[in-house]
2 protein chains.
Amino acid sequence: MGVAERKERHKEDLKKDILTAAKQLFTEKGFEATSIRAIAEKIEYSPATIYLYYKDKNEIVHALHQDGFNLLMQHFSTIDFGQSAFSRLIALGKAYMQFAFEHPDVYTLIFSMKEPMQHVTDCEKEWHEGDRAFSLLYRTVEECKKEGYFKDLESVGLSFMIWSSMHGLCTLRTSGHLEHMATSCAEVTDLNMDVNTLLDHNFGTFIALLEKLKN
Amino acid sequence: MGVAERKERHKEDLKKDILTAAKQLFTEKGFEATSIRAIAEKIEYSPATIYLYYKDKNEIVHALHQDGFNLLMQHFSTIDFGQSAFSRLIALGKAYMQFAFEHPDVYTLIFSMKEPMQHVTDCEKEWHEGDRAFSLLYRTVEECKKEGYFKDLESVGLSFMIWSSMHGLCTLRTSGHLEHMATSCAEVTDLNMDVNTLLDHNFGTFIALLEKLKN
DNA sequence: AATTATTCTGAACAGTGTTTAGTATCTCCC
DNA sequence: GGGAGATACTAAACACTGTTCAGAATAATT
């Protein structure tokens, strides 16, 4: 039965090759430019072959979705767990934003597009990667409470608001809204700065805001 | 010269008809299903005719972008300006979220898609609608400070963080992430609720959070 | 070597945004 | 009223997209 095993291995290899090609095209040319035909050309197979390994494009996107989430968790793993819970919370936010900054397309894929999440609910699949990431945030918030922060504030709601504010900041950036505001808010307010300065400035306010919630 | 005027009027009418048809299809069938051919069919003209009135699809999207923003401002106009600045801030957040809830496609168009904003920067156009909306938030935050809120917090940064958290909440909802978390966060935490309850709960935490920032 | 099973592909379908060459209509001037 | 010219419109094509399916090429089994 050595033959069957070899074939099985080859099939799995090809399946991975498709994903690797998709990921490469995706990060190189962006999501819009990543077509089935382009993936097929990269692995030197016909477009129809891809459909023998993946049901449709959504299944490929979903696989990339999981990959992207592992990359995010990798960013989180660099955080020093020796420091205080509050410092860890700030570091978590920073790592999150840096991830969004370094991999804007991956970020959009895993947090803004509705197709991958639709695929999860459609196939009644679990999504442990996402749960784990939120759980990390939630537990950090809980530990912050032990340090005297966020008294009288409910942890789940607060965790979501922290996530939302970071997510909102990241998406406003990638959509170009923040860039517009950076140039035009000089008229509205009296500050004039570029996008990244504005982003840093806002994150600074975020920290200051959380710090004020001690006791 | 009555003829030339009549023709000019007719041209402008047709231009508006295209937009009306686009808006209708857009709200009825969503953005994905709104093709140039579908718009053409609705106004009973050939697809090529549309290109005599709009440079490309982005120009149509940009026009809808402006329309959508006026709709948002309309939602804001229902707010009672007699109440305190802090109450107005909360009402602003509520109106913003309700807008996103009632018109999810319009919300995605004006706040999540990057094409319309790209078009603004490409054509070096102004975007007064957006500036006005942010300015409204900014001024409300400033007035809240006079009422004793947000001491030692910088207004621009805080305005952006408030916007971000609301925007983040809205996009996490439309993308389906919140829906997933609502069902799976029972395992992570100990709460079990549906999407809308979770959304309300989070907004409640948001208010509680802001209230704690008095003095 | 012939049969069967597996793997792959060319071609097509129905859709997308967009361009161009050509037609039909309508206005103007003689 | 009839011919010239401007204007408005469209059929058809181009280059794409995701996806399907009949059939060809290859590999394994008898």
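Order of the sequence lines sets the chain letters (A, B, ...), proteins ahead of strands, with each chain counted from 1.
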Contact list for residues 37-56 of chain A, test ring-ring contact (aromatic ring centres under 6.0 Å, His included), sequence neighbours left out: none
Relative orientation of the end axes in the helix from C:dA1-D:dT30 to C:dC30-D:dG1, expressed as an angle to the nearest 10° (five pairs per end): 30°
Pair A:His119 and A:Trp127, ring centroids less than 6.0 Å apart: no
Over 12 foreign heavy atoms within 6.0 Å of CD, A:Glu44: no
Distance in angstrom units between A:His10 NE2 and D:dA28 P, rounded: 11 Å
Integer-rounded Å distance: C:dT7 P and A:Ile50 CD1: 17 Å
Ring geometry between B:Phe134 and B:Tyr138 (parallel below 30°, tilted from 30 to 60°, perpendicular above 60°): parallel
Sugar-phosphate, base or nothing in reach of B:Tyr53, heavy atoms under 4.0 Å: sugar-phosphate
ring-ring contact (aromatic ring centres under 6.0 Å, His included) partner of A:Tyr107, the single match among A:Phe31, A:Phe69, A:Tyr96: A:Tyr96
d(CG, B:Asp17; P, D:dA8) in whole Å: 16 Å
For atom CG of B:Leu52 and atom P of C:dA21, their distance in whole Å: 15 Å
Short side-chain to backbone donor-acceptor contact, A:Thr78 and A:Gln74, under 3.5 Å: no
Annotated protein contacts, base or backbone, on nucleotides 11-25 of chain D with a non-hydrogen cut-off under 4.0 Å, one of B, S, - each: B-B---BBBBB----
Length of the line joining A:Tyr45:OH and C:dG10:C1', which is rounded to integer Å: 17 Å
Minimum heavy-atom distance B:Leu169-B:Leu178, with the two atoms named: O-CD2, 4.4 Å
Exceeds 12 heavy-atom contacts within 6.0 angstrom, atom NZ of A:Lys57: yes
